[in-house]
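A short worksheet on the structure shown next.
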Amino acid sequence: MKALYFAWVRERIGKAEEEITPPQGVKTVADLIGWLSGQGEGYALAFENNKTIRAALDRAHVKHDAAIENAREIAFFPPMTGG
Amino acid sequence: MKALYFAWVRERIGKAEEEITPPQGVKTVADLIGWLSGQGEGYALAFENNKTIRAALDRAHVKHDAAIENAREIAFFPPMTGG
Amino acid sequence: MAETLATRTVVRVQAETFDTAAETLALTEGRTDLGAVVTFTGLCRDEGGVLASLEIEHYPGMAEEEIGRVVEEAKQRWPLAGVTVVHRFGLIKPGEPIVLVVTASLHRTEAFEAASFLMDFLKTKAPFWKKQHLSEASSGGWVGAKQADDAAAERWKA
Amino acid sequence: MAETLATRTVVRVQAETFDTAAETLALTEGRTDLGAVVTFTGLCRDEGGVLASLEIEHYPGMAEEEIGRVVEEAKQRWPLAGVTVVHRFGLIKPGEPIVLVVTASLHRTEAFEAASFLMDFLKTKAPFWKKQHLSEASSGGWVGAKQADDAAAERWKA
């Protein structure tokens, strides 16, 4: 699936997007955050306060307990500051 | 003093303004409404539901119990419908 | 801080129409400290097609003064960087603007609240009266004051 | 009645600035049934002179969709004749506009409330992030989300 990162999540990870292939056991957004946190220093830093990280599956906001299922796109970002 | 009439108060009285010289006993706005009501059919009609009539003394809203004192201008009109 | 902002203030009562963009620019031009601008435009409705025109009578002199008093109260209540109120009188056709309120401030809440407050008090305090002229032979008549408008003004007294 | 009004709806996310007057005209042109138009413009503040520019990052695709969802909810809640939301991204200088909300309706209350609601939810739901670039050597940084904005959005849930 495609992973997108925005704002300081993007800056810490060092890329705006990538294709990821999480292992079988990764079922929820929280599982995916846990797995990504182990992918390197930048990831660990990006997700260190994972409660503050927001997620969207296929361009709709979801909570961390949401099932990923067949989503084609997941995005991680800080709380929004538009408007 | 100068009396001004607006909207249907003006239409019923048949004039937009006039100089009036109320007798000594007329102290308040309510007194003046009472006196004006006796000045002819149009006046009686204009003030028949006197609770709905608003008044201004020298261009500031006042209640019917306000003292007229040395006001130079008094205005009578229905509830406002601007905006 | 409200104290350090110069509050640009414009109050006008006029027969001619107004240009919302120009009025807004007059409040905001040359400023880089503003965060929010709210405009309210009140329009003449055709009332389902039966209205030919609206005739707005006003009390010259008092109209400007009373709007000025309402604007001063808004400035006391909210830290505003700018306020404009323009109210028309005379004959107005459906679709034409009647009244304009513009508020400018640092943050959105005060601009929204002040604009809403100004409209509620213009409705109940500013000496204007609307008479409807209908498309059909019947003459229409004076628009009655709405209890809903009094209630809207009351809510700011809490 | 809300059902019989065609609600003109415009949602755009763009780098270039916008023209509030033209956007408003697009909602109101040719209509004589409207009584109220509210516009909200959010501007880039200079933050006491220290801000050189604001850089707004967004999530292309989701930004438009999420704004669309917020607009749909506003249309469910209030009988609106028209709604426009334009949100910019990219580099924005102090004094420039960032976001525009226009609401048109028969009566003023719904136009005010819907515009305020839209802004509260754009702040907390639309995927945009602001980074400050300061005039001095220091780089500035990402703007933090405000608890006040969450609280403002919460008040519509009563």
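Chain A is the first sequence line, chain B the second, and so forth, proteins listed ahead of strands; every chain is numbered from 1. Here the structure is a predicted model, which means the values were calculated and not measured.
- Contacts between I56(C) and chain B at a heavy-atom distance below 4.5 Å are absent for every atom of the residue.
- The aromatic rings of F77(B) and W129(C) are tilted relative to each other, their planes meeting at an angle between 30° and 60°.
- In this structure, OH in Y59(C) is found 5.5 Å from CZ in F6(B), a value given to the nearest 0.5 Å.
- Of the two parts of K125(C), the backbone and the side chain both hold a non-hydrogen atom closer than 4.5 Å to a non-hydrogen atom of chain B.
- Ranked by heavy-atom pairs under 4.5 Å with chain C, the list P79(B), P78(B), A56(B) is led by P78(B).
- Residue T81(B) holds its OG1 atom at 12.0 Å from NZ of K131(C), rounded to the nearest 0.5 Å.
- Annotation: maximal heavy-atom pairing with chain B below 4.5 Å, among G144(C), G61(C), A63(C), occurs at G61(C).
- Note that CE of M80(B) and CD of E66(C) are 7.5 Å apart. Values are rounded to the nearest 0.5 Å.
- Per-residue counts of heavy-atom pairs under 4.5 Å with chain C were compared for G83(B), A75(B), A60(B); the largest is that of G83(B).
- For R69(C), the part sitting under 4.5 Å from any heavy atom of chain B is the side chain, from C-beta outward, and nothing else.
- Atom CD of E19(B) sits in a crowded spot, with more than 12 heavy atoms from other residues, nucleotides or ligands closer than 6.0 Å.
- Between M62(C) and E73(B) there is no side-chain heavy-atom pair separated by less than 4.5 Å.
- Contact count versus chain B (heavy atoms, under 4.5 Å) is highest, among F128(C), F40(C), F121(C), for F128(C).
- Note: H61(B) NE2 to T124(C) OG1 = 8.0 Å, rounded to the nearest 0.5 Å.
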